[in-house]
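Working notes, structure below.
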Amino acid sequence: MNPITTNNIDQYEGKTVTLSGWLVHKRSSGKVRFLVVRDGTGIAQVTLVKAEMDEEHFERYHSLTLESSLMVTGIVKKDDRAPGGYEILASQLNILQIAEEYPIAEKEHGVGFLLDHRHLWLRSSKQHAVLRVRHTVIQTARRFFDDRGFILLDAPIMTPVACEGTTTLFETDYFEEQKAYLSQSGQLYMEAGAMAFRKVYCCGPTFRAEKSKTRRHLTEFWMIEPEVAFAGLPDIMELAESLIVTIVKEVLSSNREDLRTLERDVSKLEMIESPFESISYDRAVRILRNEGVPFERGNDFGGGDETLISDQFEKPVFIHRYPASSKPFYMKNDPEKSSVVLCMDLLAPEGYGEIIGGSAREEDVELLSQKLSNAGLSPEAFSWYLDLRKYGSVPHAGFGMGIERTVAWICGIPHVRETIPFPRLLQRLYP
RNA sequence: UCCCCAGUAGCUCAGUUGGCAGAGCAAGUGGCUGUUAACCACUGGGUCCGCGGUUCGAGUCCGUGCUGGGGAGCCA
């Protein structure tokens with residue numbers, strides 16, 4: 001197969017090549033006709049000149065519809081009039097399939113329509129750019145942990161029990177008389193992994209049956225979750241900061257063209273460097289009150305609160321030591337102030353909200369059992385988890401980074417639904 | 001679960017005081033030897049979301065249901 005693609009066409013100037021792809025657009029000026037062909041890596045213009053090719057191939061232009069698949073053979077020429085600077089002067093035009101009338105036009109579609117056609121929408125340039133950034137984000141995050149000696153340890157998707165209440169869990173039958181729940185987090189399993197391998201991470205989908213209809217929520221979303229033995233809150237904050245800086249730098253270097261397609265203001269990304277600011281929950285509450293928000297101490301922050309706080313900073317900002325009452329059972333209380341837990345959230349700038357959440361984990365079996373009971377959970381169901389504290393318990397900590405929110409922030413797009421190939425939303429399970 | 005907005009051609013929308021169903025794009029036909037969302041001419045295209053009501057007459061007003069969107073709550 002000929003290796004030419006539109007992203008390496010410059011290497012073939014003057015040579016005869018065969019390009020395979022799909023028709024994005026066509027224009028005619030009579031005896032000169034133009035095809036814009038998409039091949040998955042980019043686009044290229046193909047020129048059909050009546051005098052340069054035989055009649056039969058030239059006339060195939062008429063039957064071509066939007067998104068028809070084709071193979072075109074011709075000479076690569078440099079031409080400033082062509083998008084990308086190169087075009088193919090065709091000698092042959094072969095059609096693989098004539099597409100039916102393509103539903104997605106070149107402009108003007110509503111969100112509902114586009115989501116109904118997500119399987120086709122993926123072909124458009126903006127979606128292409130977002131999902132290429134997503135690829136870089138995941139690849140860079142995984143490489144980041146691999147390079148630091150972490151072991152990739154996959155967590156199960158089907159789990160026997162809820163971390164929290166069952167109201168936000170998707171439930172499914174598991175053979176006779178058993179229920180399984182779709183995982184909300186790989187964390188508890190990563191804690192087991194950290195006791196086995198010291199440093200581990202998982203990367204996969206998580207599921208929350210929350211009836212949230214906001215730009216920051218999906219019912220199925222991806223997290224990358226590292227867990228580290230012999231580590232405390234400061235260690236994972238440093239790790240999280242370094243991860244974000246590394247990801248942003250890599251996207252800026254690998255996805256310049258995509259960011260341009262998305263019209264992202266890259267100057268806002270270029271200033272993402274260490275160190276990030278780190279403020280306590282108490283100070284965040286003071287910021288809100290200074291902004292005139294009648295915030296009640298002890299609550300968790302809402303979406304609007306997070307935006308107000310992050311707007312005070314140009315870089316991502318850590319908020320640490322939330323009230324224990326607002327956080328889950330496994331977080332370790334601050335020995336210096338038992339009413340708060342050793343946790344942190346990282347808020348992205350520009351109102352994108354929490355992209356990372358993590359904590360030191362309670363390592364004492366008695367305290368952990370107590371916290372489980374206080375949360376209304378049965379210690380029996382978590383017997384395996386309590387075992388981790390009975391057999392060589394050590395201080396450990398970890399966090400989870402939400403892939404979609406991170407991608408949305410980096411791309412500067414308003415809604416997370418475009419940052420995953422096939423979004424699952426409150427009212428949407430198709431396609 | 002609550003609040004707000006919308007539903008009219010394949011798509012995006014307009015539709016006046018309640019009085020003949022409209023535009024742009026897309027599609028089809030023809031024209032044009034360098035187009036860039038090309039352009040020009042012509043053509044076809046409607047369950048006005050469903051149900052009920054008011055009225056001589058409803059896309060328009062009222063009630064109700066459904067669907068979608070935005071937001072709140074919720075959200076390790």
Side-chain angles (χ1 to χ4, degrees), chain A residues 24-36 43-52 58 61-63 65-67 77 79-85 87 89 99-117 120-121 125 162-165 167-169 183-188 190-191 206-219 221 223 225 227 299-306 322 324 326-331 341 343-345 353-354 356-361 371 375 398-402 405 414-417 425-428 430:
Chain A
V24 174
H25 192 72
K26 68 175 188 178
R27 295 180 282 271
S28 170
S29 183
K31 304 288 192 297
V32 182
R33 295 166 181 172
F34 303 92
L35 308 176
V36 178
I43 58 164
Q45 176 165 280
V46 173
T47 311
L48 311 176
V49 179
K50 190 177 171 67
E52 304 280 339
F58 184 70
Y61 170 90
H62 289 296
S63 63
T65 53
L66 216 58
E67 287 298 321
K77 295 197 159 181
D79 193 314
D80 292 338
R81 291 169 294 188
E87 64 180 20
L89 179 61
E100 292 177 29
E101 188 178 335
Y102 193 60
I104 300 183
E106 293 176 42
K107 55 175 179 178
E108 284 194 307
H109 289 291
V111 172
F113 178 83
L114 288 170
L115 286 172
D116 284 342
H117 295 82
L120 303 177
W121 190 23
S125 59
C163 295
E164 308 296 308
T167 52
T168 62
L169 279 170
S183 175
Q184 295 181 300
S185 162
Q187 181 204 312
L188 303 188
M190 288 306 100
E191 290 186 55
T206 53
F207 307 86
R208 298 190 188 179
E210 291 158 9
K211 299 201 169 174
S212 298
K213 282 178 66 177
T214 84
R215 64 186 71 234
R216 296 184 304 275
H217 287 86
L218 296 167
T219 56
F221 67 100
M223 281 208 291
E225 297 174 276
E227 191 75 27
N299 290 346
D300 205 344
F301 302 118
D305 302 328
E306 289 181 349
Y322 283 64
S326 70
K327 290 292 180 182
F329 71 91
Y330 50 74
M331 291 187 175
V341 285
C343 71
M344 59 87 169
D345 284 355
E354 180 189 343
I356 284 179
S359 73
R361 322 302 190 188
K371 280 166 153 288
F399 64 81
M401 180 185 84
R405 287 186 186 177
H415 202 300
V416 291
R417 65 189 160 211
L425 300 158
L426 183 55
Q427 309 283 14
R428 194 171 287 277
Y430 176 92

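Protein chains get the first letters and strands the later ones, always in sequence-line order, with residue 1 at the start of each. Atom set for the values below is all heavy atoms of this structure, side chains included, hydrogens, waters and symmetry mates excluded. Here the structure is a predicted model, which means the values were calculated and not measured.
- Within 4.0 Å of A/E306, counting heavy atoms only, lies no atom of the nucleic acid at all.
- Distance check on atom C1': B/rC3 versus B/rG73 gives 11 Å, rounded to whole Å.
- Pair assignment for B/rA14: none, as no Watson-Crick or G-U wobble contacts are both less than 3.5 Å.
- A/D79 has a carboxylate O that lies under 4.0 Å from a charged side-chain N of A/R81, or vice versa, which qualifies the two as a salt bridge.
- Spacing between B/rG22 and B/rA27 at atom P, rounded to whole Å, works out to 24 Å.
- If you check every strand for non-hydrogen atoms under 4.0 Å, A/D300 touches nothing.
- In this structure, A/P83 and A/Q187 both approach RNA chain B, and ranking their closest nucleotides by distance from the 5' end singles out A/P83.
- Of the C1' atoms belonging to B/rC5 and B/rC40, the separation is 40 Å, rounded to the nearest Å.
- In this structure, A/T65 and A/T206 both approach RNA chain B, and ranking their closest nucleotides by distance from the 5' end singles out A/T65.
- Remark: B/rC56 base-pairs with B/rG19; criterion is Watson-Crick or G-U wobble with both hydrogen-bond distances under 3.5 Å.
- Pair check for B/rU67 finds B/rA6; Watson-Crick or G-U wobble, both atom distances under 3.5 Å.
- For B/rG30, the paired base is B/rC40 (Watson-Crick or G-U wobble, both distances below 3.5 Å).
- For the P atom pair drawn from B/rG52 and B/rA58, the interatomic distance equals 13 Å after rounding to whole Å.
- Here A/H117 pairs with A/F113 under the ring-ring contact (aromatic ring centres under 6.0 Å, His included) rule; sequence neighbours left out.
- A/S359 comes within contact range of no nucleotide atom at all, as no heavy-atom separation falls under 4.0 Å.
- For the pair A/L120 CG and B/rG10 C1', the computed distance is 14 Å after rounding to whole Å.
- With rounding to whole Å, A/E52 atom CD is found 13 Å from B/rG34 atom C1'.
- The residue A/M344 sits apart from the nucleic acid: no heavy atom pair falls under 4.0 Å.
- Backbone-only engagement by A/F113 is indicated by non-hydrogen atom pairs under 4.0 Å involving sugar-phosphate atoms exclusively.
- A/V32 places none of its side-chain heavy atoms less than 4.5 Å from the side chain of A/L48.
- Comparing B/rG46 with B/rA9, their P atoms sit 11 Å apart, to the nearest whole Å.
- Nucleotide B/rG73: unpaired (no Watson-Crick or G-U wobble partner with both distances less than 3.5 Å).
- We find that CG of A/L89 is positioned 16 Å from P of B/rU35, with the value rounded to whole Å.
- The distance from atom CD1 of A/I356 to atom P of B/rA76 is 17 Å, rounded to the nearest whole Å.
- Residue A/K31 contributes atom NZ, which lies 14 Å from atom P of B/rG30 at whole-angstrom precision.
- Residues forming a side chain to side chain contact (heavy atoms under 4.5 Å, CB included) with A/S28 (at least two apart in sequence, or on another chain): A/R33, A/Y61.
- As a whole-Å value, the separation of A/I104 CD1 from B/rA27 C1' is 16 Å.
- Between the CG atom of A/D79 and the C1' atom of B/rG34 there is a distance of 8 Å, rounded to whole Å.
- Rounded to an integer number of Å, the gap from A/R27 CZ to B/rU35 C1' is 5 Å.
- Take A/E52 and apply the side chain to side chain contact (heavy atoms under 4.5 Å, CB included) test, not counting sequence neighbours, and it matches A/V49, A/L89.
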Starting at the 5' end of nucleotides 68-75 of chain B, put B wherever the base has a protein heavy atom under 4.0 Å, S where only the sugar-phosphate does, and a dash everywhere else.
SBBBBBBB

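- Taking atom P in both B/rC4 and B/rC62, the straight-line distance is 14 Å, to the nearest Å.
- Residues A/Q187 and A/Y330 bring a donor and an acceptor atom of their side chains to less than 3.5 Å of each other.
- Listed nucleotides: B/rU33, B/rA76, B/rU12. Nearest to the side chain of A/S29: B/rU33.
- With sequence neighbours excluded, no residue forms a salt bridge (Lys or Arg N to Asp or Glu O under 4.0 Å) with A/K213.
- On the C1' atoms, B/rG44 is 16 Å away from B/rC25, given to the nearest whole Å.
- Take A/T206 and apply the side chain to side chain contact (heavy atoms under 4.5 Å, CB included) test, not counting sequence neighbours, and it matches A/F221, A/M223.
- A/S29 and A/R27 share no side-chain donor-acceptor pair at under 3.5 Å.
- Going from the P atom of B/rG19 to that of B/rU60 covers 11 Å, rounded to whole Å.
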